[in-house]
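In listed order, ligands and their atoms are each counted from 1.
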Amino acid sequence: MPDIESLLSEKRVFKPGKDFARAANWSKKDVAALRKDAAKNPTRFWAKMAKENVSFFSPWKKVLDWKPPFAKWFVGSKLNVSYNCIDRHLEGKNAWRRNKAAIIWEGEPGDKRVITYGELHREVCKFANALKALGVKKGDRVCLYMPMVPELAIAMLACTRIGAPHSIVFGGFSADALRDRIADAGAHVVITADGGYRRGAPFALKEAVDAAVSGDSPVESVVVVKRTGQDVTWKAGRDHWWHDLMAEASTKCPPAKLDAEHPLFILYTSGTTGKPKGILHTTAGYLTHVTTTFKAIFDIKDSDTYWCTADIGWITGHSYVIYGPLANGATTLMYEGVPTHPGPDRWWDVIERHRVSIFYTAPTAIRTFIRLGDEHPKSHDLSSLRLLGTVGEPINPEAWMWYHKVIGGKRCPIVDTWWQTETGGIMISPLPGAVDTKPGSGTLPFPGVDAAILDDDGNEVKPPDGGFLAVRQPWPGMLRGIWGDKERFREVYWSKWKRKGTYFAGDGAHRDKGGYFWIMGRVDDVMNVSGHRIGTMEVESALVSHPDVAESAVVGREDEITGTAVVAFVTPKANVLADDGLAKRLRDHVAKEIGAIAKPKDVRFTPALPKTRSGKIMRRLLRDIASGKETAGDTSTLEDFSVLAKLRGDED
Ligand code: PRX
């Protein structure tokens, strides 16, 4: 764990501002008391949070049923997520929120929509009825493949209203990736749009859906939002315009009373081996986790305008663009396009115009803006901001300092939040009115989260040693399984250590003497590119599916902007010309198979790959070569030393 030394030299500490601390939803005193209670009895803590933050139609009989690795939370209770996100803001003491903005949406071309809680209720009920009219029933999976438009939020909430789990596929994924995910989830209905806007031009989505559902597919209905007005091919009987279905739908749709463990959604994410895994989240635990963490970590007030820049196709968008904010009755801003269109100041312009007060983004974006120059944020009034957050990858202390000074005007606390698709909600983060921050550290686990750093044998390592990040107690937002694959669930997350029920996160980390956590990145074969997970295996499978490729190995190397860049070592088939043309064709092929995010930055050709005698590719060596390092470490098991020299370009 070589980064430990350098990180430990970080001595800067930032205390919450006095005014912020005084008005915080969770004060220092509250946090101390909650931590104490939660440490004694985490289940009791989460039960208290559920009572405070979530509305149930009927109460639970048991808080937790834990048969490692299978957990059930709030057993026996009934509730509905869309009721929690909408209806309860229209009733009783919260009824004034009917005309409060639930969603402020801005399209990339500059078009805008504001949807109040009252309107959201109408739209969600209507679309829930439209889904019913298409034959969608409780338990049926619905696939959403959409741009960042309000209809995406409406579709998600409509699914939750009738108990149809959604499976959202990021709009940047290819038709092939979409086909696999539709098949795995067994979805009969796909919701999409004709297209969306990115970098000033429309891109197509319906076209990819047509390709993904052609031939043998479970899909019976495709619902299409008209966003760009571009031409689409149409299959009568299967395809329906969103606006046609909505025109006929009733505005009355009582929320289904669902079981605490009713499946809420599936979200696919990359793992070390094989195909992407369908991570399953359920109703009561997930909602308790995201609602509580959102309220405490983002310190939400009714006067705030909150903006999380994540695409809803990723977990951050699920938990902290939609469910966490709406369950708290907050105003959440959704933006459709890229950060730099029409100019490099687009985001700062959005913040100024909408008076955004809480802003949550990824280190990759921050590093991009650092490179673009301070003049862009400085040309806008960012004084409305009072709290900043980051997520998705480790943030280097210098980027943290820039965020603090240039965006936060030195007055905004920064919450560096560590969590994963699998954890459902934030696990490690500062509480902004109560916890001192250090640039680059996620600080401390949320109360009720038993995070620890363990060695190979499962013993807790002493600060400042590095080890594997683990969670030793179940938490409400935890994944309940991998869709359709119980064994893989057990094996991937719960089998690293002998002690039953210890969750292996796949990240390396260490703690400093003050107990603060410092995340050092993935310890497995998952690359974190711009905060998005891509398995090396997935890219390798895409490459070898190309007719000119015999074998390939993919590794990550450090990249100043994206955190990690994908590097592919490729052995072409005999008689194939390995030139720049082939490299380009292979990059395009990966984009077609998976999506543009997985495109290798470098493609390096080699007549053979370095392997151990047992035939395992020596990735450590390849990682060193990819990053231009002298190959260090033990090469005694290397099958063919000449391969190494060739890869480095010593011969040729
Ligand atoms: O490596 C960690 C990194 O992102 C991984 C989870 O990726 P994903 O499931 O796509 O979810 C991303 C958004 C929650 C983790 O295993 N990661 C996430 N947040 C942080 C982080 N690494 C360091 N610091 C963070 N704050």
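For Tyr503 and Trp475, the distance between ring centers is under 6.0 angstrom.
Under 4.0 Å from ligand 1, the heavy atoms of Ile519 that appear belong solely to its side chain. Contact annotation for Ile315 and ligand 1: only side-chain heavy atoms (C-beta onward) come within less than 4.0 Å of the ligand. Contacts between Gln420 and ligand 1 below 4.0 angstrom, taking non-hydrogen atoms only, involve backbone and side chain alike.
Relative to atom 2 (C) of ligand 1, the option among Asp507, Asp524, Val526 with the closest non-hydrogen atom is Asp507. Closest heavy-atom approach to atom 19 (N) of ligand 1 among the candidates Pro363, Gly521, Gly392, Gly317: Gly392.
Here the rule is side-chain hydrogen bond (donor to acceptor under 3.5 Å, both in side chains) with Ser357, and of Asp304, Thr331, Asp299 only Asp304 fits it. A side chain to side chain contact (heavy atoms under 4.5 Å, CB included) with Phe14 is found for exactly one of Ile414, Asp436, Thr437, namely Thr437.
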ring-ring contact (aromatic ring centres under 6.0 Å, His included) between Phe446 and Trp419, worked out: CA-CA 11 Å; Phe446 195 76; Trp419 58 295; over 10 Å; no
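Nearest protein heavy-atom contact of atom 24 (N) of ligand 1 is Glu393 O, 3.3 Å. From the protein, the heavy atom lying nearest to atom 10 (O) of ligand 1 is Arg533 CD, 3.5 Å. Protein heavy atom nearest atom 9 (O) of ligand 1, with residue, atom name and distance: Thr421 OG1, 2.5 Å.
Proximity to Val391 (heavy-atom distance under 4.0 Å) selects the following atoms of ligand 1: 13 (C), 14 (C). Close approach to Thr316 involves these atoms of ligand 1, each under 4.0 Å from a residue heavy atom: 13 (C), 14 (C). Listed by number with element, the atoms of ligand 1 under 4.0 angstrom from any heavy atom of Thr417 are 19 (N), 20 (C), 25 (C), 26 (N).
At a threshold of 4.0 Å, the pair Lys498-Asp457 does not count as salt-bridged, since none of the basic side-chain nitrogens sits closer than that to a carboxylate oxygen. Taking a cutoff of 4.0 Å between a charged side-chain nitrogen and a carboxylate oxygen, Glu398 and Arg12 qualify as a salt bridge. Electrostatic pairing of Glu491 and Arg488 does not count as a salt bridge here, judged by no charged N lying under 4.0 Å from a carboxylate O.
A 4.5 Å side-chain heavy-atom check between Val529 and Ile597 finds every atom pair outside the cut-off.
Residue His532 places no N or O, backbone or side chain, under 3.5 Å from any N or O of ligand 1. For Thr390, no nitrogen or oxygen atom sits less than 3.5 Å from a nitrogen or oxygen atom of ligand 1, counting backbone and side chain alike.
Within 6.0 Å of atom NZ in Lys599, more than 12 heavy atoms from other residues, nucleotides or ligands are found, so the atom counts as buried in its surroundings.
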